[in-house]
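If you're wondering where the values come from, they're calculated on a predicted model, not measured in any experiment. Here is how names work: the chains are called A, B, and so on, in the same order as the sequence lines, proteins then strands, and each is numbered from 1.
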Amino acid sequence: MNDMTQPAIRKKSVHFTLNGSALNIETRADRRVIDLLREDLGLTGSKEGCGTGECGACTILVNGEAKLACLMLAVQLDGTRVETVEGLAQTPDGPLLQQAFVEEGAVQCGFCIPGMEMAATALLRDNDNPSRDAIREGLSGNLCRCTGYVKIVDAVERAARDIRCCREEQ
Amino acid sequence: MRAVLTPGSLDEVFDLLERHPDAMPVAGGTDLLVRLRSQAGQDDRPLIPLADVKELHGISKDGTTLAIGAVTSFSRIIADPLIAEHAPLLAKAARTIGGPAIRNMATIGGNIRTASPAGDSLTPLYLLEAMIEIASQRGKRLLPIGEFIIGPGQTALCGGEIITRILLQPGGCFPCHCFEKTGRRRSMAIAVTSFAGMARLSGEGVIEEARFAWGSVAPTVLRIPALEKELAGSRLDDGTIRHAAQIVRESVTPISDIRATADYRRSIAGNLLARFLEGLRG
Ligand SMILES: Cc1cc2nc3c(=O)[nH]c(=O)nc-3n(C[C@H](O)[C@H](O)[C@H](O)COP(=O)(O)OP(=O)(O)OC[C@H]3O[C@@H](n4cnc5c(N)ncnc54)[C@H](O)[C@@H]3O)c2cc1C
Ligand code: FES
Ligand code: FES
């Protein structure tokens, strides 16, 4: 525990792994994770849509669970494993998911897509054969103003199929 | 800049709260960080994250109580076998909260402390007669949820105290139960009106015991003990159901706001009970 008399409580050193690499950074204790990622670390894949938990554009995975970077403090990452959209292509199933979004035409302006893909990643790790309803539920915290969602659901359904297929081949 | 004090144990939380009486605990942050953002700059009270305090996490059962740590997320509650067995009504309500990421972050203790008339864990907790365990450096006390929540956003918590656990009776959930929430959208929407009901039947279509609770139709969750008493032993015919729904419409005191008018809420509150009672007839 830090003592209040030390100014150290306003600056914190935070250790975590980010997309597989260990990081140790000094940051303002009350820095939001979305600002830490975008402004301090230059990872602008995660978007800030609303800043209040409503849109899901800032969705990241913390210890494998989908969380909202706009409602987390940097200190809450200490000791965790963080995944953002920048690391997706290096994960076993990430490329298939991203390819499915492209091939199904699920991307229009693209603003919601990093959050959609992270939410979909969490869903597919949990359930590799989700129904369309389960996909809609898994993405229910993510808003898209462009696509009307149908093609996004198509893309996740296709990704699930491709991922299962790829496993069977191996 | 705001200070963030990071306790690793419950004793450290109490100690920090004694030394920094203005500090605010933060659990999932899904209410607090939204609120602080809207007041940016005007408030730099320190925060005390509770996430690393192991004593406040998890669900356990000893002979006579099921205990839920205050910092347990709704995702954990939904997935927990003890909850599925002893408090399935709470899991039903938890499934309707936010989207998956919100449920991974939002905690039951935060939901109770926020004391919103629309808090979705509250109606089940009123029916299951949850006891709220509160603690500070001075010791522990227990309050029934209906006494813990005083009004919208207001609770019986005093300075230096936090919610530590939510205590339920194993087997306290009746066999027939439902949670319903009416809103503009299915997910992420604040309930216009919510309803939790549970009942035990004695034979065909006769209520032995039933409990009902409504959210967003009064300053706090509403139960109508007189109606519950009256229905015990009643046969569920059309007349009884119509009468019960009418009593509900007369008992609720909703407000009109941007989400719905008071009249709409009043009529929905009656309809939700009628639908539950009709479902019990099979
Ligand atoms: C997009 C979105 C959707 C939402 N949807 C729903 C919904 O469908 N249904 C619903 O009911 N709510 C919903 N909420 C509200 C919120 O997620 C819940 O109320 C949640 O349970 C709050 O818990 P938390 O852990 O995030 O609380 P926090 O934000 O961490 O804290 C809330 C308050 O409680 C205090 N506190 C937290 N833990 C304790 C403790 N152990 N002891 C004492 N004080 C404590 C904090 O100091 C703060 O004042 C939603 C919020 C958002 C942003
Ligand atoms: S920016 Fe985080 S949910 Fe919208
Ligand atoms: S593609 Fe534009 S918001 Fe989803």
- [ ] Name the region of Arg103(B), side chain, backbone, both or neither, that has any atom closer than 4.5 Å to a heavy atom of chain A.
- [x]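 Answer is side chain: those atoms of Arg103(B) sit under 4.5 Å from chain A.
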Task: Portion of Met118(A) that has a non-hydrogen atom of chain B nearer than 4.5 angstrom - done: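 Answer is neither: Met118(A) stays 4.5 Å or more from chain B.
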- [ ] Would you mind checking which part of Cys50(A) comes under 4.5 Å of any heavy atom in chain B, side chain (CB onward), backbone (N, CA, C, O), both or neither?
- [x]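 The backbone, not the side chain.
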Minimum heavy-atom distance [X]-[Y], with the two atoms named:
X         : Y         : result
Leu73(A)  : Leu47(B)  : CD1-CD1, 3.6 Å
Val75(A)  : Pro49(B)  : CG2-CG, 4.4 Å
Thr30(B)  : Leu71(A)  : CA-CD1, 4.0 Å
Glu65(A)  : Asn104(B) : CB-ND2, 3.7 Å
Ser140(A) : Gly99(B)  : OG-CA, 3.8 Å

State whether the number of non-hydrogen atoms from other residues, nucleotides or ligands found under 6.0 Å of [X] atom [atom1] is greater than 12.
X         : atom1 : value
Arg145(A) : CZ    : no
Lys151(A) : NZ    : no
Arg158(A) : CZ    : yes

Open item on the list: Nearest 0.5 angstrom please: Asp78(A) CG to Asp52(B) CG, how far?
Closed with: 7.5 Å
Task: Rounded distance (nearest 0.5 Å) linking atom CG of Asp44(B) with atom CG of Asp30(A) - done: 9.5 Å
Open item on the list: Assess the residue pair Glu137(A) and Arg95(B) against the criterion (salt bridge (charged side-chain N to carboxylate O under 4.0 Å, His left out)); give the C-alpha distance rounded to whole Å, side-chain angles, the decisive distance to 0.1 Å, and a yes or no.
Closed with: CA-CA 10 Å; Glu137(A) 165 56 36; Arg95(B) 277 186 210 105; over 6 Å; no
Open item on the list: Tell me every residue that passes side chain to side chain contact (heavy atoms under 4.5 Å, CB included) with Asp11(B), counting only those two or more places apart in sequence or in another chain.
Closed with: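 Ser9(B), Phe14(B).
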- [ ] Using a 4.5 Å cut-off on heavy atoms from C-beta on, say whether the side chain of Leu33(B) contacts that of Arg32(A).
- [x]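 A side-chain contact under 4.5 Å is absent here.
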Task: Worked verdict on Arg37(B) versus Glu54(A) for salt bridge (charged side-chain N to carboxylate O under 4.0 Å, His left out) - done: CA-CA 14 Å; Arg37(B) 181 183 154 94; Glu54(A) 306 274 345; over 6 Å; no
Task: Residues of residues 86-110 of chain A within contact distance of chain B, non-hydrogen under 4.5 Å - done: none
